[in-house]
Amino acid sequence: MLLRTLRAAALAALAIAAPAHAAYPEKPISLVVPFPAGSGTDAVGRIFAAELGNILGQQVVVENKPGANATIAANYVARAKPDGYTLFVTTNTSHSAAPWLMKNVPYDPVTDFTPIARGGNLPFILVVNPQRPYKSVKELIDYARANPGKVTYATGNSTGIVAGGTLARRAGIDILHVPYKGTPQALTDLVGGQVDFMFTDLASGLPFVQSGQLRALAVSTAERSSIVPDLPSMREAGVDDFDLNSWNGYFGPAGLPPEIVAKLNAAINQIVANPEIRKRLAGLGFDAFSGTPESFATFVSEQRDLWGKLIKDAGIQPQ
């Protein structure tokens, strides 16, 4: 009787000690996207959401919360319960650039989040309305120099803002910034001729280039991209010290249990290791890869400092 009582007590103690999230996930998960439907992050996020759902055995529902340089969505996730049912797929917009572009950001990009995993990179391209007279970056710069203050560039995210500001500073041109809430509307107006050019992620811009509605002049990096190898880099196009790339990654609110982080990280690494999924993502202009939560945390801190320098060097003042 005593042995049976002790065994029952031990089992009860183990049950109390077992974490409540041992069976995670037990219900659908919300994956918050800080940009509108149709944006590059949204398109990529929906593929990851579907695959995460298959691996975890629960539906992963995409929830778009665009606006304010991705800070609306970021603040929403930062204030969510850290139980693994509210996740965040975002880019350098919310975590690297917004803290430098805005005077008052309602969250800390490092302390208010739990890094889970990198998703990959979204290379950017410089695209112009094909009815405009410039067919290369040099011709665009020459035209802007001859028409100061008259050439307009659209932006739908912080990478576009910093890229446009960096081009203006590096090339010594006076161009007019036209901000949009998201990339899809900016691209629509670029196709319609309301603005002259923009830097956009490949996932959003490539279909317009392939259809002939837009003309791509260069990639926003110092080296060519393997996804669009025919496009020159900004350095090849004559703009020195120009190397901008948009990263993509997954977070939870601060305090996310390590067991949940490990499970989600393993699932994301499984997704990017799948050749078929990588091919689908590459078709969207997305370079998929991942790593550990620890390496991602270090990367996020380094990128915050790097983008601060890029923004200051571009002469962009916080709003």
Side-chain angles (χ1 to χ4, degrees), residues 34-43 66-70 91-93 97-98 101-102 122-221 228 231-232 234 237-239 242 244 246 285 310-311 314-317 319:
F35 305 112
S39 63
T41 304
D42 175 77
N69 282 325
T91 69
N92 44 280
T93 290
L101 292 172
M102 304 174 69
L122 276 164
F124 270 56
I125 52 176
L126 194 168
V127 291
V128 302
N129 184 293
Q131 303 304 315
R132 297 301 191 262
Y134 25 81
K135 295 181 172 62
S136 68
V137 175
K138 182 182 183 303
E139 290 180 3
L140 169 61
I141 292 171
D142 289 344
Y143 185 88
R145 285 176 178 159
N147 298 273
K150 295 182 180 180
V151 175
T152 57
Y153 70 98
T155 64
N157 50 51
S158 67
T159 302
I161 294 171
V162 177
T166 300
L167 176 62
R169 178 60 65 93
R170 296 280 191 269
I173 53 178
D174 178 13
I175 50 180
L176 182 63
H177 177 207
V178 183
Y180 288 81
K181 189 175 182 179
T183 297
Q185 184 58 50
L187 284 166
T188 297
D189 280 5
L190 179 59
V191 170
Q194 280 79 19
V195 288
D196 297 313
F197 78 93
M198 71 180 289
F199 286 90
T200 182
D201 60 271
L202 269 172
S204 300
L206 199 55
F208 292 94
V209 174
Q210 292 170 335
S211 68
Q213 292 174 284
L214 294 176
R215 177 186 295 128
L217 302 186
V219 292
S220 65
T221 48
V228 281
L231 278 184
M234 289 298 288
V239 184
F242 197 114
L244 288 171
S246 177
L310 289 171
I311 290 166
I316 301 172
Q317 298 300 315
Q319 301 296 315

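Every salt bridge (charged side-chain N to carboxylate O under 4.0 Å, His left out) that Arg132 has, sequence neighbours left out, goes to Asp196. Every residue two or more places apart in sequence or in another chain that forms a side chain to side chain contact (heavy atoms under 4.5 Å, CB included) with Ala43 is listed here: Leu284. Partners of Lys138 according to the salt bridge (charged side-chain N to carboxylate O under 4.0 Å, His left out) rule, which considers only residues two or more places apart in sequence or in another chain, are Asp142. For the side chain to side chain donor-acceptor pair (under 3.5 Å) test, residues two or more places apart in sequence or in another chain that qualify with Gln185 are Asp189. For Thr93, the side chain to side chain donor-acceptor pair (under 3.5 Å) partners at least two apart in sequence or on another chain are Thr91, Ser158. Residues satisfying the side chain to side chain donor-acceptor pair (under 3.5 Å) test with Asn147, not counting sequence neighbours, are none. Checked against side chain to side chain donor-acceptor pair (under 3.5 Å), Arg145 has no partners two or more places apart in sequence or in another chain. In this view, Ala154 and Tyr180, Ala186, Val195, Met198 satisfy the side chain to side chain contact (heavy atoms under 4.5 Å, CB included) rule, not counting sequence neighbours.
Residues Gln319 and Gln317 approach most closely at NE2-O, 3.1 Å, considering heavy atoms. Nearest heavy-atom pair across Ala37 and Pro184 is O-CG, 3.8 Å. Closest non-hydrogen pair, Ser204 versus Gly40, comes out as OG-N, 2.9 Å. Of all the heavy atoms in Ile175 and Ala144, the pair that sits closest is CG2-CB, 4.0 Å. The minimum heavy-atom distance linking Gly160 with Phe124 is given by the pair N-CE2, 4.1 Å. Closest non-hydrogen pair, Pro207 versus Ala203, comes out as CD-O, 3.7 Å.
Side-chain contact check for Ile141 versus Leu167: some heavy-atom pair is nearer than 4.5 Å. Leu214 is listed as a side-chain neighbour of Leu187, based on a closest heavy-atom distance under 4.5 Å.
Judged as a ring-ring contact (aromatic ring centres under 6.0 Å, His included), the pairs with a partner in residues 198-219 (not counting sequence neighbours) are, in order, Phe199-Phe242. The stretch residues 142-163 participates, sequence neighbours left out, in these ring-ring contact (aromatic ring centres under 6.0 Å, His included) pairs: Tyr134-Tyr143, Tyr153-His177, Tyr153-Phe197. For residues 161-185, there are no salt bridge (Lys or Arg N to Asp or Glu O under 4.0 Å) pairs, not counting sequence neighbours.
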**Request:** Start with the C-alpha gap between Ile173 and Leu140, add the side-chain angles, then the distance that decides, and say whether side chain to side chain contact (heavy atoms under 4.5 Å, CB included) holds.
**Result:** CA-CA 10 Å; Ile173 53 178; Leu140 169 61; 5.9 Å; no

**Request:** Mind running side-chain hydrogen bond (donor to acceptor under 3.5 Å, both in side chains) on Thr159 and Asn92 for me, showing each step along the way?
**Result:** CA-CA 8 Å; Thr159 302; Asn92 44 280; 2.7 Å; yes

**Prompt:** What's the verdict on side chain to side chain contact (heavy atoms under 4.5 Å, CB included) for Thr200 and Leu190, showing C-alpha distance, side-chain angles and the deciding distance?
**Reply:** CA-CA 11 Å; Thr200 182; Leu190 179 59; over 6 Å; no

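Inspection of the Ser39 and Asp42 side chains reveals no N or O donor paired with an N or O acceptor under 3.5 Å.
Note that the OG1 atom of Thr183 and the CG atom of Asn157 stand 4.5 Å from one another [nearest 0.5 Å]. The distance from atom CG of Leu202 to atom CD1 of Ile125, rounded to the nearest 0.5 Å, is 4.5 Å.
Under a 3.5 Å cut-off, the side chain of Asn129 and the backbone N or O of Val191 do form a donor-acceptor pair. A donor-acceptor contact shorter than 3.5 Å is absent between the side chain of Thr166 and the backbone of Ala314.
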